[in-house]
Q: 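Pasting in a structure now, in C-alpha cells, and then I'll have a few things to ask.
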Number of protein chains: 2
Amino acid sequence: MRRRSTLKEVAAALDLSVATVSRALGGYEDIAAETRRRVAEKARELGYVPNMAGRMLVSGRSGFVGLVLPIRGPNFVDSFLGEFVTGLGEGLVAKGVDLMIATASAGQSELDVLKHLVQSGRADGVVLTRIAEDDERVKFLIERRFPFVAHGRIADDGASYSWLDTDGKGAFRTALSRLYALGHRHVGLVSIEERMNFRHDREEGLESAAAEAGDPAVRLSIVRAPRFDEAAHRAQIRGMLSAEDRPTAIIGLIDELALMVMREAEAMGLAIPRDLSVIGFDNVPAAAFATPGLTTFDQATHERARESAGMLIRLIEGEEKGPLSSLKVPRFIERGSHGPAPRHARPRIRQI
Amino acid sequence: MRRRSTLKEVAAALDLSVATVSRALGGYEDIAAETRRRVAEKARELGYVPNMAGRMLVSGRSGFVGLVLPIRGPNFVDSFLGEFVTGLGEGLVAKGVDLMIATASAGQSELDVLKHLVQSGRADGVVLTRIAEDDERVKFLIERRFPFVAHGRIADDGASYSWLDTDGKGAFRTALSRLYALGHRHVGLVSIEERMNFRHDREEGLESAAAEAGDPAVRLSIVRAPRFDEAAHRAQIRGMLSAEDRPTAIIGLIDELALMVMREAEAMGLAIPRDLSVIGFDNVPAAAFATPGLTTFDQATHERARESAGMLIRLIEGEEKGPLSSLKVPRFIERGSHGPAPRHARPRIRQI
DNA sequence: TGCCAAATCTAAAACGTTTTGGCTGGGACA
DNA sequence: TGTCCCAGCCAAAACGTTTTAGATTTGGCA
C-alpha cells in the first residue's frame, strides 16, 4: 500500500524544484513540454494526489459547497430533497467541487448552522432550498456577501441575489384552466401552513386564474395544515370531501398531498377521476405508480439542481458579477387522475 | 460586517504570541487561567474562527467524514437514505466533524468515487451503506487501512471490519412465525434481484423459520425483480396474487414493496387483511399512513445512523483498535395489514 | 565576441495552525 | 548568597501548496 506522496517527493525524484512540479502539473506554459510530461508521469507513478489543506490554505478556498438540511422531522429528506442533493452533487463534482451537508444538532437553528458554515470557511458557497417568504438566511448571506444560490425566490425583490425557480404560479394557472375547460367550477386546494415561497407562488397562480376566468360560478376552497402533520391534512381532506357541496376537483400543493387526497377519496368510495379529479405537483415516483396515475407537474429537480451547481460555481469564481437567475416552466404530466367534471348526481359518501 | 480574524490578529491585540493564543484557546494547562480568559474574550470580540485549512494541514485530518451516494436512479435517495444522512449528520456535528456527500458523475463507478475520496484526503473516514455480498468497497478500504463503518455485514466474516446492522434474519423469522401462528401456511415474499446483504439476511431468516416449523404444509413463494423496476415488481405481484393457490400472506422485503402488494391486492379486489396479510420492513412514513396501516419492522434508522457516526469517530481518533460492531433487533410494529389466514383458502391444519 | 531576449527553471514567501523545545523570572530551599 | 525548580510564556519549525520575482541558460544576431 503506497503512502500518499507530496509535491516535494515528486520534485526530489526528478531533481526538480517543488515550484516547477507544481507549475508543471498546473499546465503552465513556462514549463517545457517535455518536463511537463515527465512530471505528470512521475506523479502518476508515485500516486501523487494534491493535498487539499495545502491548496486551501493558499487559495483561501475550501473546494466545498454547503447545503444545510432543513430541520423538520423525522424524515425531512423527501424525494425532492433527495433528488436535489444528487443533482447538486453531480453538478459540483464535474467541476471538482465537493458537497458538504450540514445538519443542525439539537438546539441549533438552521440559521446557526448556516452561520457556522460560512464563518468557519468550510464552504465557499451555499445552496438554499425551501425559501421562506422573507427568509433570514438570505438576509444573512447577502449582508455577508457570501456566494449563494437559492432554489426559490423571495416574494418582493428578485434582483438582489441569485436564484433559480420553477414557475409554480404558471403551473397552477394551467391546472385551473385545464380543469375549467373540463367543466370543473368548484376546485379545492390542499395546501400547507408554512409561509414558504412556493406555496405563495402556487396559490397566487390558482387565485389569479380563478379571478381571470370571469365566471361567478368559479369557486376555490383552500385548506392548510402544517407541512408534516398528516393527521391534520387527512382530517381537512375528509372534511372537504364530505361537505355537501364538495369540490369536483382537488389540487395538491405537492404530490404527497395530492396522493393523500386520492387515497382518502377512494377510502370514502369516490372513484377517480369519475367522481373527483386530482392534480399534484412534483412528479414524485409514486405519482406515476398510483392507480390511476396522478396528473402532475414535473420540475425536473435533478436538472435544476445541476444547474444551480453551475450557477453557484460561476458566482464563486467571480466570473459573474451580477446576480443570476433562471425561471423554468414545469412540464404538465397528464395521467389518469383528472377528467371531466361529473355531470349528475354525486355518489353518496361512504361514512367512515 | 467583520472580517474573519486569525490567531495572529488576536495575539497582536493582546500583545501575546500566536503560540500562547493557540494554546489558550486549546485550554492547555500551561497557560495561566487569567490569560486563557482574556484570550477567549478577545477572540470572541474579534470574531475569531479557526481556519480549517491551517488546522488540517498540521493535523493531517480534514474534519470530514464521507458518504458516497449509491448510483441508481433517478431517485435513489429513498426514505432510508434520507433518514440515514440526517442521523449521520447530527451524530457527526455533535463531535465537530462535518459530512461530505460524494456523488458519482457520469461514467464513474461508486468505487471510483470512493477511491478519490480516500486518496485526496478529503475525508478522514467513510460510511458505507447498502453493503453487497462480497463488496469491493469494503475490500478496498480494508486494504488501505482507511477508517470506515459499514451499515450492513459481509456475509462471511464479520470480524475484520466495523459494522452495525439490523437483525433482518431475526425479524423475518418473527414475521413467519407470527403468520404461522395465525394459520398462514403459504407465504409469499416479494424481493429484489440485487445481491445485497440485507436481502440475503432476510430471505435466510424466512427460509430457516419455514424449515424449522417442521410442517410439510408450509410453503414459500419468492419472486425477485431489479430494485427499481416497478413494472416488473407489479407484474410479479399480480402473477403471485392471481395464481390458483395464491399465498395467504405476502411479505415485502422493504415497505415500498409491501405497499405495492397492498395496492395491487386492493386493485384486484382483495381485502386486507381479510383475504391477504401483508408485512413490510422499514416502517417508512407511508406505512403508518396506508389503510390499513402496514405491519412492519422499525430499525430506527435515524438512531443507527447517529450511532455509526460515533463509531466512526472513535475509529478515526484511534481510541478503539479492534473493529466495532453492533447488531440491533428491529421492533415489530403491528398494524392492521396482517391477520388470521382466510379459512376457505386453505384447510386448518394445526396450531403451533 | 558580446549583447539581448526568450525559454526554462527556482528560491522564497505566504497562507494559519499546532507543537516542540526552549527561555525567563521569581520563589523555595540549602 | 547561590542554586534549582516551576509556572508561564514564546520562537521557530512544520504541514503542502501556489505564486512572485528573479536566476540561469540558450540561441540569435550584430
Side-chain angles (χ1 to χ4, degrees), chain A residues 2-40 42-43 46-64 96 98 119-124 317-318, chain B residues 2-40 42-43 46-64 96 98 119-124 317-318:
Chain A
R2 213 158 39 225
R3 218 176 45 72
R4 289 177 55 192
S5 50
T6 68
L7 271 190
K8 206 197 291 190
E9 287 165 21
V10 177
L14 290 167
D15 204 22
L16 286 172
S17 75
V18 172
T20 304
V21 174
S22 173
R23 313 209 96 220
L25 291 173
Y28 283 72
E29 283 301 328
D30 65 352
I31 303 295
E34 166 62 10
T35 307
R36 287 207 295 267
R37 199 196 51 69
R38 279 172 53 225
V39 169
K42 183 60 80 179
L46 295 180
Y48 169 74
V49 184
N51 175 299
M52 279 304 147
R55 191 173 267 184
M56 273 172 72
L57 197 55
V58 56
S59 73
R61 297 253 184 80
S62 71
F64 276 100
D98 279 310
Q119 287 165 351
S120 71
R122 305 217 83 172
D124 307 326
E317 307 273 325
Chain B
R2 213 157 37 225
R3 216 177 46 72
R4 288 177 56 193
S5 51
T6 67
L7 271 191
K8 206 197 293 192
E9 288 166 20
V10 177
L14 290 166
D15 205 21
L16 287 171
S17 76
V18 172
T20 303
V21 174
S22 173
R23 313 209 97 223
L25 291 173
Y28 283 73
E29 284 301 328
D30 66 351
I31 303 295
E34 166 62 10
T35 307
R36 286 207 296 267
R37 200 196 50 70
R38 279 171 55 224
V39 169
K42 184 60 79 177
L46 294 181
Y48 169 74
V49 184
N51 175 299
M52 281 302 147
R55 192 172 267 184
M56 274 172 71
L57 198 54
V58 56
S59 74
R61 297 254 185 78
S62 71
F64 277 99
D98 280 309
Q119 288 165 350
S120 70
R122 305 216 82 171
D124 306 326
E317 306 273 326

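Numbered from 1 within each chain, the chains take letters A, B, ... in sequence-line order.
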Q: What pair of heavy atoms forms the shortest contact from B:S62 to B:G121, and how long is it?
A: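 That closest heavy-atom pairing would be CB-O, 3.5 Å.
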Q: Can you tell me how far apart CZ (B:R55) and CE (B:M52) are? Round to the nearest 0.5 Å.
A: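 Spacing of CZ (B:R55) from CE (B:M52) equals 5.5 Å.
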Q: Can you check the B:L57 CG to D:dT17 P distance for me, whole Å?
A: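 Rounded to whole Å, this separation is 9 Å.
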Q: Five pairs at each end of the helix from C:dT1-D:dA30 to C:dA30-D:dT1: take the axis at both ends and give me the angle between them to 10°.
A: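 The angle separating the two end axes equals 70°.
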Q: Looking at residues 16-35 of chain B, who's got a heavy atom less than 4.0 Å off DNA chain C?
A: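 Per residue number, the list reads B:V18, B:A19, B:S22, B:R23, B:Y28.
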Q: Just how far, in rounded Å, is C1' of C:dC15 from CG of A:N51?
A: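 Answer to the nearest Å: 13 Å.
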Q: Calculate the interatomic distance between B:R122 atom CZ and D:dT17 atom P; express it in whole Å.
A: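 From B:R122 CZ to D:dT17 P: 13 Å.
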Q: Working to the nearest 0.5 Å, report the span between CG of B:L57 and CG of A:N51.
A: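 Between atom CG of B:L57 and atom CG of A:N51 there are 6.0 Å.
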Q: Tell me whether A:R122 contacts the main-chain N or O of A:F64 through its side chain, where contact means a donor paired with an acceptor under 3.5 Å.
A: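 No.
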Q: For the pair made of CG in A:L14 and P in C:dC9, what is the distance, rounded to whole Å?
A: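 Taking atom P of C:dC9 as the reference, CG of A:L14 is at 11 Å.
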Q: Using atom CE of A:M56 as one end and atom P of C:dG16 as the other, report the distance to the nearest whole Å.
A: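 Result: 12 Å.
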Q: B:K8 NZ to D:dA11 C1': how many Å, rounded?
A: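 After rounding, the reported distance stands at 14 Å.
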Q: Would you indicate which nucleotide in D:dC15, C:dT17, D:dT17 comes nearest to any side-chain atom of A:P50?
A: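 Nearest to the side-chain atoms of A:P50, counting from C-beta on, is D:dT17.
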Q: Whole-Å distance between C:dG16 C1' and B:L46 CG?
A: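 These atoms are roughly 16 Å apart.
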Q: Does any non-hydrogen side-chain atom of A:Y48 lie less than 4.5 Å from one of A:V21?
A: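 In short, these two side chains do not touch, never coming nearer than 4.5 Å.
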Q: With a 4.0 Å cutoff (strictly under), does any side-chain N or O of A:R55 reach OP1 or OP2 of D:dG16?
A: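 No, outside the criterion.
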Q: Could you walk me through whether A:E29 and A:R36 pass the side chain to side chain contact (heavy atoms under 4.5 Å, CB included) check?
A: CA-CA 9 Å; A:E29 283 301 328; A:R36 287 207 295 267; 4.1 Å; yes
Q: Please report the distance, rounded to the nearest Å, between CZ in A:R36 and C1' in C:dC9.
A: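 Spelled out: CZ on A:R36 to C1' on C:dC9 is 13 Å.
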Q: Can you tell me which residue among B:T20, B:I31, B:V10, B:L7 is in a side-chain contact (heavy atoms from CB on, under 4.5 Å) with B:L25?
A: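 Only match with B:L25 under side-chain contact (heavy atoms from CB on, under 4.5 Å): B:L7.
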Q: Going from OG on A:S59 to CG on A:D124, what distance comes out if it is rounded to the nearest 0.5 angstrom?
A: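 CG of A:D124 is found 7.5 Å from OG of A:S59.
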Q: Give the minimum heavy-atom separation between A:S120 and B:V49, together with the two atoms involved.
A: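 Heavy-atom minimum between the residues: CA-CG1, 3.6 Å.
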